[in-house]
Amino acid sequence: MEFTNQYLKELMDRVVMRNPGEKEFHQAVREVLESLEPVVEIHPEYIEKGVLESIVEPERIIKFRVPWVDDNGKVQVNRGFRVQFNSAIGPYKGGLRFHPSVYEGIIKFLGFEQIFKNSLTGLPIGGGKGGSDFDPKGKSDMEVMRFCQSFMIELSKHIGSYTDIPAGDIGVGSREIGYLFGQYKRSTTRFTGVLTGKGLEYGGSLARTEATGYGLCYFVEAMLNDHGTSFEGKTVVISGSGNVAIYATQKATELGAKVVALSDSDGYIYDKNGIDLSVVKQLKEVERKRIKEYVNFCPDALYFENCKEIWSIKCDIALPCATQNELDKHSALMLVDNGCIAVAEGANMPSTPEAIEVFLKNNILFGPAKAANAGGVATSALEMSQNSIRGYWTFEKVDARLREIMENIYANSSAAAEMYGMKGNLVAGANIAGFLKVANAMLEQGVV
Ligand code: NDP
């Protein structure tokens with residue numbers, strides 16, 4: 001899509017020029033600025049007062065060396081990042097990603113998206129993101145611990161329970177959060193809720209592990225209900241087999257659907273009987289094995305190399321839950337041709353812009369990541385609340401709040417799309433609804 005508003009076009013050109021080579025960040029900014037065209041027509045003050053120029057510029061970027069010693073006694077050096085993007089409505093909040101593909105552009109795209117996602121939750125959290133190009137895959141527990149400790153020695157200088165509260169993301173699960181928390185406590189002598197996704201024994205919240213996947217399904221159920229249908233009896237394909245994919249599979253199944261496929265970066269499994277989640281949990285959460293091992297336990301299941309082809313499976317609902325740009329135009333066309341009615345993003349930015357165009361043109365119900373996967377960070381904010389009151393809530397209480405938050409996100413995104421003349425376009429609706437609260441807070445706080 002071409003910009004019609006000259007200011008937005010020039011701003012986008014400036015973002016590309018000032019952040020060379022960061023294509024994921026450009027992609028994320030472009031999508032938001034495109035959605036804001038009708039907003040700036042009605043509210044020129046966002047342009048006049050410099051809000052848009054400020055919102056595309058991180059408040060602070062921290063970049064550091066992470067040296068650690070591997071099991072052979074050899075020194076390894078990785079890069080660490082924390083992008084503190086926007087604190088207009090609350091302290092920076094967003095996950096840490098450990099994956100070899102991490103560079104500044106990935107962290108900036110994720111941090112930028114996080115601003116609007118966090119705003120959509122209705123909770124007081126700003127946007128941030130961090131990570132490293134460290135690959136936990138194939139490393140021993142001791143290597144992961146030494147890396148996490150070195151990473152946190154530096155990061156601890158910049159975070160705090162009223163400043164910046166990281167959490168997990170790809171490659172950062174409960175094991176890594178435990179090591180990171182231990183080192184933070186040791187470095188600062190402070191036992192505070194500085195990280196979320198903590199273990200239940202030391203300040204974690206019930207339902208945080210499940211939250212992103214469950215929240216995704218609550219969002220989809222609200223979207224389907226609004227169109228006279230539900231998960232009941234539907235066939236679902238989910239990519240990935242990590243935290244988000246596993247708990248999306250669990251909730252979709254509980255809501256009456258049959259999930260027939262999961263993947264990892266090597267390939268995908270297809271089980272016509274419906275995925276046996278106890279096998280997946282054992283393989284992925286306990287043994288840290290590859291998804292192809294699944295067929296050794298479920299003989300009716302098939303394994304295929306090439307994870308991208310997972311979208312060729314006929315399904316009613318597709319939930320990409322692996323990584324950015326994993327679902328392209330070709331995959332989107334396959335889904336449409338096979339009669340898919342709904343797609344919702346558990347991963348961050350998994351659909352390319354061309355794929356999203358295919359979905360919107362073909363009236364597929366499409367839930368963008370900012371809205372659909374906000375359940376994880378929302379529940380992290382509920383973990384922060386519990387840490388602040390030094391108390392615990394029941395699973396049922398947290399889960400009920402999560403469901404309510406996801407239903408509100410759907411309703412608010414849908415209403416914003418309609419109000420700005422794009423009924424049914426939840427990409428625009430989520431961007432607008434998320435933006436307005438942050439932009440108004442920025443206006444009220446002056447030039448800071
Ligand atoms: P995990 O590390 O638990 O799992 C990631 C899954 O995605 C694995 O199956 C992994 O396979 C696969 N994957 C990763 N990179 C690639 C790649 N380049 N190509 C194909 N598959 C890949 O991460 P999460 O489940 O936590 O996160 C998944 C997505 O959800 C990410 O986009 C994340 O940003 C997003 N998200 C996560 C939240 C959370 O609470 N955890 C909250 C909101 C969004 P392999 O093992 O082969 O690498």
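Count residues from 1 along the sequence. Below, all heavy atoms of this structure are taken into account, side chains as well, without hydrogens, waters or symmetry copies.
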Side chain proximity check, V102 to H99, heavy atoms < 4.5 angstrom: yes

Non-hydrogen side-chain atoms of F116 and I55 separated by less than 4.5 Å: yes

Any donor-acceptor N/O pair, D271 side chain to A301 backbone, under 3.5 Å: no

Short side-chain to backbone donor-acceptor contact, N19 and H26, under 3.5 Å: no

Derivation of the side-chain hydrogen bond (donor to acceptor under 3.5 Å, both in side chains) call for D328 and S331: CA-CA 5 Å; D328 59 12; S331 307; 2.8 Å; yes

Y202 and I177: CA distance, side-chain angles, deciding distance, side-chain contact (heavy atoms from CB on, under 4.5 Å) verdict: CA-CA 11 Å; Y202 62 95; I177 292 289; 4.1 Å; yes

Donor-acceptor pair, side chain of Y247 and main chain of G242, under 3.5 angstrom: no

Ring centroid separation F191 to F181 under 6.0 Å: yes

Any donor-acceptor N/O pair, D276 side chain to V280 backbone, under 3.5 Å: no

R290 atom CZ: more than 12 heavy-atom contacts under 6.0 Å: yes

With N325, the side-chain hydrogen bond (donor to acceptor under 3.5 Å, both in side chains) member among E24, Q27, K23: Q27

Full working for side-chain hydrogen bond (donor to acceptor under 3.5 Å, both in side chains) between E345 and S351: CA-CA 8 Å; E345 300 183 319; S351 314; 2.6 Å; yes

Closest heavy-atom pair and its distance - M223, V343: CE-O, 4.2 Å

Polar side-chain atom of Q149 near backbone of Y179 as donor-acceptor pair, under 3.5 Å: no

Side chains of R403 and E221 in contact at under 4.5 Å (non-hydrogen atoms): yes

Value rounded to 0.5 Å, distance of CD in E285 from OG in S174: 8.0 Å

Check: S119 side chain, G434 main-chain N or O, donor-acceptor pair, under 3.5 Å: yes

The single option from Y214, Y410, F231, F366 passing ring-ring contact (aromatic ring centres under 6.0 Å, His included) against F219: Y410

For the student: nearest non-hydrogen atoms of A428 and S35, plus distance: CA-OG, 3.5 Å

D264 and its salt bridge (charged side-chain N to carboxylate O under 4.0 Å, His left out) partner, picked from R288, K292, K284: K284

Side-chain heavy-atom pair K93, Q114 within 4.5 angstrom cut-off: no

Full working for side-chain hydrogen bond (donor to acceptor under 3.5 Å, both in side chains) between N348 and E113: CA-CA 8 Å; N348 283 312; E113 296 254 302; over 6 Å; no

Derivation and outcome, side-chain contact (heavy atoms from CB on, under 4.5 Å), residues Y184 and T192: CA-CA 9 Å; Y184 180 85; T192 66; 4.0 Å; yes

Verdict with reasoning, T229 to K234, per side-chain contact (heavy atoms from CB on, under 4.5 Å): CA-CA 10 Å; T229 183; K234 302 289 189 302; 2.8 Å; yes

Criterion side-chain contact (heavy atoms from CB on, under 4.5 Å) against V427, the qualifying member of I432, I356, V32: I356

Test item: E407 side-chain N/O and A222 main-chain N/O as donor-acceptor pair under 3.5 Å: no

Which atom of G193 lies closest to which atom of I165, heavy atoms considered: O-CG2, 3.6 Å

For the student: nearest non-hydrogen atoms of N118 and G127, plus distance: ND2-CA, 4.1 Å

Run the side-chain donor-acceptor check on residues 315-324: report pairs under 3.5 Å with partners two or more places apart or on a different chain.
residue	atom	partner	partner atom	Å
D316	OD2	T235	N	2.7
Q324	OE1	R97	NH1	2.9

pair Q76-E143: side-chain heavy atoms closer than 4.5 Å: no

Minimum-distance pair of heavy atoms, taken over all atoms of C307 and S265: SG-O, 3.7 Å

Steps toward side-chain hydrogen bond (donor to acceptor under 3.5 Å, both in side chains) verdict (Y218, D399): CA-CA 10 Å; Y218 293 148; D399 189 40; 2.8 Å; yes

pair L155-L180: side-chain heavy atoms closer than 4.5 Å: no

Sub-4.5 Å side-chain heavy-atom contact between K139 and F134: yes

NZ (K329) with more than 12 external heavy atoms under 6.0 Å: no

Check: F85 ring centroid to F112 ring centroid under 6.0 Å: yes

Smallest separation among heavy atoms of A167 and T196, with atom names: CB-OG1, 3.2 Å

Proximity of F147 and F98 rings by center, below 6.0 Å: yes

Sub-4.5 Å side-chain heavy-atom contact between F3 and E37: yes

Electrostatic pair R146:D71 at N-O distance under 4.0 angstrom: yes

